[in-house]
Number of protein chains: 2
Amino acid sequence: MVTLNDVAKAANVSKMTVSRVINHPEQVTDELKQLVFKAMDELDYHPNFAAKALAANTTRIIKLVILEKVDTVEPYYATLLMGVAQFLNAHQYALQVVTQKNANIGDCDGYIITGARNNDFDWIQDLDRPIILYGENRHNYDFVDSDNKYGTFLSTSAAINDGYQQIVFLGIELKESFEYSRERGYMDTMQKSGLQPQIVRFGNHSSEAQQYIQDHWSEFKKNTCFVCSSDRLAIGVERGIQKMGGNIPEDFGIAGFDGVFLDQIAEPKLTTVKQPVMAMGSKIAELLMQKINQASPEAEQNPNRERMEVMFSPELIRRNTTRNYHLN
Amino acid sequence: MVTLNDVAKAANVSKMTVSRVINHPEQVTDELKQLVFKAMDELDYHPNFAAKALAANTTRIIKLVILEKVDTVEPYYATLLMGVAQFLNAHQYALQVVTQKNANIGDCDGYIITGARNNDFDWIQDLDRPIILYGENRHNYDFVDSDNKYGTFLSTSAAINDGYQQIVFLGIELKESFEYSRERGYMDTMQKSGLQPQIVRFGNHSSEAQQYIQDHWSEFKKNTCFVCSSDRLAIGVERGIQKMGGNIPEDFGIAGFDGVFLDQIAEPKLTTVKQPVMAMGSKIAELLMQKINQASPEAEQNPNRERMEVMFSPELIRRNTTRNYHLN
DNA sequence: TTGTAGGCGTTATCAA
DNA sequence: TTGATAACGCCTACAA
């Protein structure tokens, strides 16, 4: 294993100079820097993760907390994780994937929390390291999310432009921030267009949405679009319409939300609001590292400090469940 | 932070004794052990990951290599990862999730490799740490997998017992070990029952399976069961049958393979061969740690050493795409 | 601007 | 069986 010392010898300097070239390059003359870089290169030097952590009295470990029942684990976690991992790897941080149950075993430098519901915040509050949440929240925690309101604005206004007359919103029966934002995006867009909003809500299961469509089939005139708060619901709607013999997308349109995996599984493939999950994962890691590096007890306590909220713009992917897919 | 030293003082012993209590308890008298345990407990001592790694000249990092295009990432990865993470966390190992591209950045103690295809083995061969693969292979690497042959034995023989007359196997067009095993399980079971096997193969996409069903609809008599090599294919079959107006499960049965996520998304829900993905994840981690702890250059080189192959028995989940779901 | 000394928490080695 | 010492690779603090 190549160490600082080896590089130092090769470059004919002390190991502190090498260390400085890495961590405080501005304190070293260009001349020496060149020598050191050359030596590092030739020896293929890679800093030792553990030694770094030990000396700095940090762990260089980030915990990714998944607050969902294990058997429910949504497919987007895999993608989110890839994004997180990418950034972390590049900055020599290791990852620990945990559930709430075993989250307190062992130390770490910071937390990424996903799937947090309102009743999780008691627990989250007790964590004593920097935290970034995946998902907007009303508890004043820093977060990264896609712009949920803008997302349903996109799908709702597309439905309007496509000429659907009746536009129904299928929401998730959950008193969570992201759901409110999605409903708001729909409401605002409808109102601006002078259209009558109509919202129904279910648990996030395709079967409930399907059942709803079948039970209320007579209420839907041709030329109706269903704007959904998730692809799961959208798939249920699609099945319900197919079962009742409705024509997609000519007479009935469907727009989903999420754009991870499920939208591709559906047939016809879903028009959906796609979240850039991978990029969001990287951003979360980036923000967390930023917080870790600035971390000071005062800063953390300061009620006036600015809250970090990063919203990614989702994108409307037009596919085969809304009319003008041929424009795509 | 509580260190070995703190515990040692509290227990009135040297820190080496404390260290031994943790790592070589058989070398310490019961008397002292009790004292040390008590002190550790009272102080809530947790060993320092980085210090351990530094002293032992290891990294205590395991790389999980995902060899798939990022946008394809299958949902089961999330579940597998939870299994791996669970074991690793319990043993103070950290995880690094990487793709092939960035797998060589930074050191590690071992590799877990998933999604390896035949053309990946050139690269895998160059890795110089213990390796466990997820998935059987013909390259003599240690692996954990579900018993693929047994899996299709289960689904095929259930189809026979359910009284389906014609039993068609839909395979994945891939020259990979797992696919051969699944086809073999079907073939053997058919032959033993004196039935005529019939195999067709596609890329692993639901649309291809659906198309096949529609194109060949006239060839399938009522009382046919489609045994599939993946839930993706099974979903396609289900759609094809529905489109053609076939009756599931009375006239046409479907059995999938995998049992992660997709089987639940289908409607009717799929009868499928479920792999215990979470448990397999834990087992992979366990085997890898075992290898790491025994690791010696000779052992690794020894061509006679026993290959580790752990097969998990999958389970047939009877749901609504085969006849006797009411038995469930 | 550069170098020296000491310490981070743990473990292997050797001595008692 | 137990304890003292040195080492792992890096970084901070201080000295030159």
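Remember, predicted model here, so these are calculated numbers, not experimental data.
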For [X] and [N], give me the distance from atom [atom1] to atom [atom2], rounded to whole Å.
{"X": "A:Asp30", "N": "C:dT2", "atom1": "CG", "atom2": "P", "answer": "10 Å"}
{"X": "B:Asn293", "N": "C:dT11", "atom1": "CG", "atom2": "P", "answer": "13 Å"}
{"X": "A:Asp107", "N": "C:dT10", "atom1": "CG", "atom2": "P", "answer": "12 Å"}
{"X": "B:Asn12", "N": "D:dG3", "atom1": "CG", "atom2": "C1'", "answer": "13 Å"}

Just the table, please: protein N/O against nucleotides 12-16 of chain D N/O, every pair under 3.5 Å.
none

task = Sequence neighbours left out, what passes side-chain hydrogen bond (donor to acceptor under 3.5 Å, both in side chains) with A:Asn148? Give chain and number order.
result =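 In terms of side-chain hydrogen bond (donor to acceptor under 3.5 Å, both in side chains), with neighbours along the sequence ignored, A:Asn148 is linked to A:Glu136, A:Asp145, A:Arg182.
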query = Of all residues at least two apart in sequence or in a different chain, which pass the side-chain hydrogen bond (donor to acceptor under 3.5 Å, both in side chains) check with B:Asp120?
reply =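 Here no residue qualifies.
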task = Classify the side-chain pair B:Asp147/B:Ser313 by whether it contains a donor and acceptor separated by less than 3.5 Å.
result =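 Their side chains do not contain a donor-acceptor pair, so the 3.5 Å distance test is not met.
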ask   = Using a distance-only test with no angle check, is there a side-chain donor-acceptor pair under 3.5 angstrom linking A:Gln275 and A:Tyr76?
value =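 Distance-only check fails for A:Gln275 and A:Tyr76.
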inquiry  = Judged by each residue's nearest nucleotide on DNA chain D, which is more toward the 5′ side, A:Pro47 or B:Lys15?
reply    =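 With B:Lys15 and A:Pro47 compared, the 5'-side residue is B:Lys15.
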request  = Let me know, please, whether B:Thr29 or A:Ala56 comes out on the 5' side of the other along DNA chain D by nearest nucleotide.
outcome  =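 Comparing both residues, the 5'-ward one is B:Thr29.
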query = Checking all strands, does A:Tyr45 fall into the base, sugar-phosphate, or nothing category for heavy-atom contacts under 4.0 angstrom?
reply =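 Contact class for A:Tyr45: sugar-phosphate only.
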task = For A:Asn57, answer base if it contacts any base atom (sugar-phosphate contacts may also be present), sugar-phosphate if it contacts only those atoms, and nothing otherwise; contact means non-hydrogen atoms under 4.0 Å.
result =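 The residue A:Asn57 makes no contact with any strand.
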inquiry  = Per the ring pair (Phe, Tyr, Trp, His ring centres under 6.0 Å) rule, what does the pair list look like for residues 13-67 of chain A, sequence neighbours excluded?
reply    =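 Passing the test, one end in residues 13-67 of chain A: no pairs.
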message = Can you give me the bend angle of the helix from C:dT1-D:dA16 to C:dA16-D:dT1? Use the axis through the first five pairs and the one through the last five, nearest 10 degrees.
response =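 It comes to 40° between the two terminal axes.
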ask   = Are A:Lys33 and A:Asp30 ion-paired here, with the side-chain N under 4.0 Å from a carboxylate O?
value =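 The answer is yes: the pair qualifies as a salt bridge.
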With a 3.5 Å cut-off and sequence neighbours excluded, list the donor-acceptor pairs that the side chains of residues 11-22 of chain B form with protein atoms.
unit_1: B:Ser14; atom_1: OG; unit_2: B:Met16; atom_2: N; d: 3.4
unit_1: B:Ser14; atom_1: OG; unit_2: B:Thr17; atom_2: N; d: 3.4
unit_1: B:Ser14; atom_1: OG; unit_2: B:Thr17; atom_2: OG1; d: 3.3

